[in-house]
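Everything below concerns the one structure shown next.
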Amino acid sequence: MPWDRNQMAERAAQELDDGMYVNLGIGIPTLVANYVGDKDITLQSENGMLGMGPFPYEGEEDPDLINAGKQTITELARTSYFDSATSFGMIRGGKIAAAILGAMEVAENGDLANWMIPGKLVKGMGGAMDLVAGVGRVIVVMDHTNKHGVSKILKRCTLPLTGRGVVDRIITNLGVLDVTHKGLHIQELAPGVTRDEMIAATEATIV
Amino acid sequence: MPWDRNQMAERAAQELDDGMYVNLGIGIPTLVANYVGDKDITLQSENGMLGMGPFPYEGEEDPDLINAGKQTITELARTSYFDSATSFGMIRGGKIAAAILGAMEVAENGDLANWMIPGKLVKGMGGAMDLVAGVGRVIVVMDHTNKHGVSKILKRCTLPLTGRGVVDRIITNLGVLDVTHKGLHIQELAPGVTRDEMIAATEATIV
Amino acid sequence: MGKIYSSAAEALDGLLFDGMLIAAGGFGLCGIPENLISAIREAGTKDLTVASNNAGVDGFGLGVLLESRQVKKMMSSYVGENDEFMRQYLSGELELEFNPQGTLAERMRAGGCGIPGFYTKTGVGTVIADGKEVKQFNNEDYILEEGIFADLSIVKAWKADETGNLIFRKTARNFNPPAAMCGKVCVVEVEEIVPRGTMDGDHIHLPGIYVHRIIQGDHEKRIEQRTTRKREEA
Amino acid sequence: MGKIYSSAAEALDGLLFDGMLIAAGGFGLCGIPENLISAIREAGTKDLTVASNNAGVDGFGLGVLLESRQVKKMMSSYVGENDEFMRQYLSGELELEFNPQGTLAERMRAGGCGIPGFYTKTGVGTVIADGKEVKQFNNEDYILEEGIFADLSIVKAWKADETGNLIFRKTARNFNPPAAMCGKVCVVEVEEIVPRGTMDGDHIHLPGIYVHRIIQGDHEKRIEQRTTRKREEA
């Protein structure tokens, strides 16, 4: 049976090792924080914070303490604050070990599209282009196909790119794929999913 | 009678206005601080401090508190500390209103040489190239001639440059000269010094 | 020092002109110069280009300058919270220059630090690279991004001392320091002005050299996405 | 977190190799990583390139690595305090790359921030510009300077918490943050290690993300130019 959202997040959490500094995107990636267990992970919020804590209790919201999704959050014992130039300096400089992000499309060469659909309202890339260009490891977590059943893992992206050749690993409801210089490689299959099912559901070539 | 060192420093202090952030070089420029009177001047030390205070009393020296000449100093009520990249960011970014510096040679086009003499021991330019390239106004304070009586204000510098076309004003024992796009212009003469004496002591063309 | 002004209007007096470039601090509605934005609305300055990560929301933050049609162009990374923005943008009334968030922050810092251009990997191979110089370092492509040199910076801090030294609070720091750096003139609104000597020099986030005028303001500090968790039963 | 080591030798274990590039914090003898320098001397690593504003004095600071002939090349802005340096340099035993002080600091920060090159006016028209690309912005010449990407950073801070968050003290901050940023690995020596949660997140000068290993050390903190003034009679 393919993984659900929470199982995908749980699987993504296995990518994180003790001591890592990590940036989690919006959506399923946010759920990853629920599955890190005892691992000593420090979450970055790219608006200027390392050591992001959980949402505050009602009545304890602080307008000066939000995450990159503009949600009220809390701090931890390890928390540090800094300005946006410093924050993206550490992103661009490769100090963030991993980013876990959602995507609209990923191509077999590691190209990523997750910020705009031509003809639709364009809201902006925010920090997504900086993250995929800068962090040590880019892990995409998304459904394998869109709501019409069409593969989101393609030979080539059709949407405008967020980054070229940036994705290292893709975690979907069907399993885990690695982007290698030879092409996509199946790393793991969700329980009950066969290699043939994975290949059939994927437009990109799996080697 | 030409100005002595202290009178040159006193004259240089007239260049400073209330509210200015200023960097003073080593030698006569350091003496300028003694003549600012009631003016609200903030001194930068380019190793990472704004609001440099006087030398400490004996026994109160702090090894963590030195100026760019590596001398022990003190802080003031306005003092802020920052790292070297930030410090030179404000220099390069033109936030320092004026630098008052010594020189070996100045040319009529504003070229400045004050960091190396070929064949002699080269100690390095330190922050001098950054300062002359970045600050709002570069004021040179120096003796008009060297110990052999040869003009230090030249048609062209003979020594390796610290900066090209960077000097705005020259204060010497003989008076004050401005570097204009038309050439050097006498702004003021020390008491008893004639225009002809100034011209005779200057290799550069005075217009 | 004469940096302290009694109102936002007074602090902006003589600094505003049609067609100017303003760099604004803030992220979303967090740490935005609310009072200075209102005063620019009152002043009616037109054809503004505003470099700011976001464009406020309808009726608050930079949204009020969009409503009044004072903005000609935004330089931002994300503008999704603002319907009026989208309406003007889609109708061609408003220009928009998208910048990756980190590129925007670094462009502001660069302008403030006298750096007219720098190379970055961010945006290589995307529409962001269109028309920009590409250079290889170590066999990898980088694009040239230019420093932002603003006519005016408008910034929100937590505390200022009389000499303009600033301290920010938590994630309200965000774009405020780089925005402050890149302006020819920088006007700051704070929650509290404290006497000189009451700030530890090691705790100052932005030295007063970057700050030309200061006002103490009232701040609504609106929360954009109020999210909470349940208290566990004791 | 496992960032805390019991000695400088232990903290450097496995990180040193001949021919490596080390970025060192400090200005003169202020805020220098004394203990780490001694441990590198003990380790005997050779052919080092060291990016550091100064080169220490004879017998202290980086001077000890010059004495032991472990340094092949210095990248510095001012080296006037060190006779042994001058002797080796003049005899051709030591390479020297002069960098204007601000260019050196910015090159370190750039390396740490993923910026391989930036343009600056500093040094235009001087020997510093020799062999460097010149580009015009706004009709003015700027030269291209490259980011420094070091194999190792050695840094001195005042306090660290267990997660590596650092606080510096007064002008001992100087080159330490940019040097820390530009290394693949950063080892820090501090005067005091404090428990996590005891530092205010708004007071941290360098977040722990830049810090891989920490030791608490004894520091001589030698003063290079002791200057004082007389107490006025009461």
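In what follows, chains are A, B, ... by sequence order, proteins preceding strands, each numbered from 1.
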Between [atom1] on residue [X] and [atom2] on residue [Y], distance to nearest 0.5 Å:
{"X": "D:E224", "Y": "B:Q71", "atom1": "CD", "atom2": "CD", "value": "10.5 Å"}
{"X": "B:F55", "Y": "D:T227", "atom1": "CZ", "atom2": "OG1", "value": "4.5 Å"}
{"X": "B:T162", "Y": "D:I128", "atom1": "OG1", "atom2": "CD1", "value": "10.5 Å"}
{"X": "B:W115", "Y": "D:S77", "atom1": "CH2", "atom2": "OG", "value": "10.5 Å"}
{"X": "D:N53", "Y": "B:N47", "atom1": "CG", "atom2": "CG", "value": "9.0 Å"}

Query raised in the report: Around D:D218, counting heavy atoms of other residues, nucleotides and ligands shown, do more than 12 lie under 6.0 Å from its CG?
Result: no
Query raised in the report: Counting only heavy atoms not in D:K221, do more than 12 fall under 6.0 Å of its NZ?
Result: yes
Identify the residues of [range] whose heavy atoms come closer than 4.5 Å to a heavy atom of chain B, ordered by number, or report 'none'.
{"range": "residues 167-183 of chain D", "answer": "D:R169, D:K170, D:T171, D:A172, D:R173, D:N174, D:F175, D:P177, D:P178"}
{"range": "residues 119-127 of chain D", "answer": "D:T120, D:K121, D:T122, D:G123, D:V124, D:G125, D:T126, D:V127"}
{"range": "residues 108-115 of chain D", "answer": "D:R109"}
{"range": "residues 22-30 of chain D", "answer": "D:F27, D:G28, D:C30"}

Do [X] and [Y] touch side chain to side chain, with heavy atoms closer than 4.5 Å?
{"X": "B:M125", "Y": "D:Y78", "value": "no"}
{"X": "D:Q225", "Y": "B:T72", "value": "no"}
{"X": "B:E58", "Y": "D:R231", "value": "no"}
{"X": "B:V122", "Y": "D:F98", "value": "yes"}

Requested in this report: Take B:K70 and D:E81 through the test salt bridge (charged side-chain N to carboxylate O under 4.0 Å, His left out) and record every step on the way to the result.
Outcome: CA-CA 10 Å; B:K70 282 101 178 176; D:E81 301 91 349; 2.7 Å; yes
What option among [options] has the most heavy-atom pairs under 4.5 Å with chain D?
{"options": "B:V132, B:D111, B:D83", "result": "B:D83"}
{"options": "B:S84, B:A133, B:G124, B:G69", "result": "B:S84"}
{"options": "B:G134, B:G48, B:A68", "result": "B:A68"}
{"options": "B:P160, B:A85, B:G59", "result": "B:A85"}

Report summary line: If one checks every heavy atom of D:D141 against chain B at 4.5 Å, the contacting part turns out to be side chain
Query raised in the report: Where on D:L104 is there a heavy atom nearer than 4.5 Å to chain B: the side chain, the backbone, both, or neither?
Result: neither
Query - From CA spacing to verdict: salt bridge (charged side-chain N to carboxylate O under 4.0 Å, His left out), D:R229, B:E60 - result: CA-CA 10 Å; D:R229 65 186 149 135; B:E60 296 182 2; over 6 Å; no
Query raised in the report: Side chain, backbone, both or neither: which part of B:L65 has a non-hydrogen atom closer than 4.5 Å to chain D?
Result: both
Query - Closest-packed option against chain B by number of heavy-atom pairs under 4.5 Å, given D:A129, D:P100, D:G31, D:G80 - result: D:P100
